[in-house]
**Q** 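Sharing a structure, written as structure tokens. Questions coming.
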Amino acid sequence: MLNIPCPHCGLRNETEFHYGAEAGVAYPDPNTLTDSEWAKYLHIRANPKGWLAERWVHFAGCGRWFNLWRNTITHEIGPVYLPFTTQPKMPGNTVQEGPGK
Amino acid sequence: MIAKESPLKGMDTGTAAAVTIRELPGLHTIDLRVAPGTEAQAAVAEALGIELPGKPGRIRAVQVLGESEAHALCLAPDWWLIVGYQEAVEKLAPLKNGHHFSVVDVSGQRTTIELEGPNAREVLAHLWEQDLREKSFPAGSVSQGLMAKAPVIVCHIAPSRYRVMVRSSFALHLWKALVDAAEEWN
């Protein structure tokens, strides 16, 4: 089980959280997009093997959304940051193996 | 307020030398949401005549005229529960046109189970995955989480005295789980 550091409540078990997929996906203006661009925004994500910035919500605790870096291979957890703040740099060392790389 | 029947009515108070489990039904509770560090928060605190704990996970025992015991619980940066303060909603009503905040009377939402005694912490620890040791959960701490899969708020009110606030519909389930956990301390 993952131990997730909630920025408000501290380290808690994964069972207290819900996953919110990739963080930092910009919301485009739906009025100016084609259907395929909109579909791409809705459904296409980086899905990297390695570090991924993710959204999580601490539903059983403070109820707040926050973001963190997680390594999808090792489950190592990197920097945690709040929404609407600058995304910290991706933690180092692990090779990013995403699509097209 | 609608008179409410306790969800644990008729349950025996579990008494043992090491731990006493009892229900505190109908504790007056309000749910307060206000953006931290704003004028609204200062105005709310002033109207209530109490200081709101600033950090999630902290409880402040507050002195309220005519109340034997009142507490302000900080659950998230912008979320507080005020327990045992009958006049709270009335006192905040005059602020409603000038400030942005939300107050809801949630007295009927949960009931409170109190555990008291030298082994209260051990009994709770059977069902609670969070660290209850003194260094991480001293008296004056509050935490939300899942206890026997039921969403609860655990308060460390005073040394060897804990309160578990649980939704009414989960109360009987949790009561049985706690009584079962207390068995070995009898």
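Note on naming: letters A, B, ... go to the chains in the order of the sequence lines (proteins, then strands), and numbering restarts at 1 for each one.
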**Q** Does CD in B:E46 sit with more than 12 non-hydrogen atoms of other residues, nucleotides or ligands closer than 6.0 Å?
**A** no

**Q** Got a sec, which pairs hit salt bridge (charged side-chain N to carboxylate O under 4.0 Å, His left out) with one end in residues 7-27 of chain A, sequence neighbours left out?
**A** A:R12-A:E16

**Q** Which one wins on heavy-atom pair count under 4.5 Å against chain A: B:G57, B:P77, B:P56?
**A** B:P77

**Q** Nearest heavy-atom pair of B:L146 and A:T15: which atoms, and what distance?
**A**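 In terms of heavy atoms, the two residues are closest at CD1-O, 3.8 Å.
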
**Q** Does B:E134 CD have over 12 foreign heavy atoms under 6.0 Å away?
**A** yes

**Q** So which part of B:D78 gets closer than 4.5 Å to some heavy atom of chain A, the side chain, the backbone, both or neither?
**A** both

**Q** Has A:D35 got more than 12 heavy atoms of other residues, nucleotides or ligands less than 6.0 Å from its CG?
**A** no

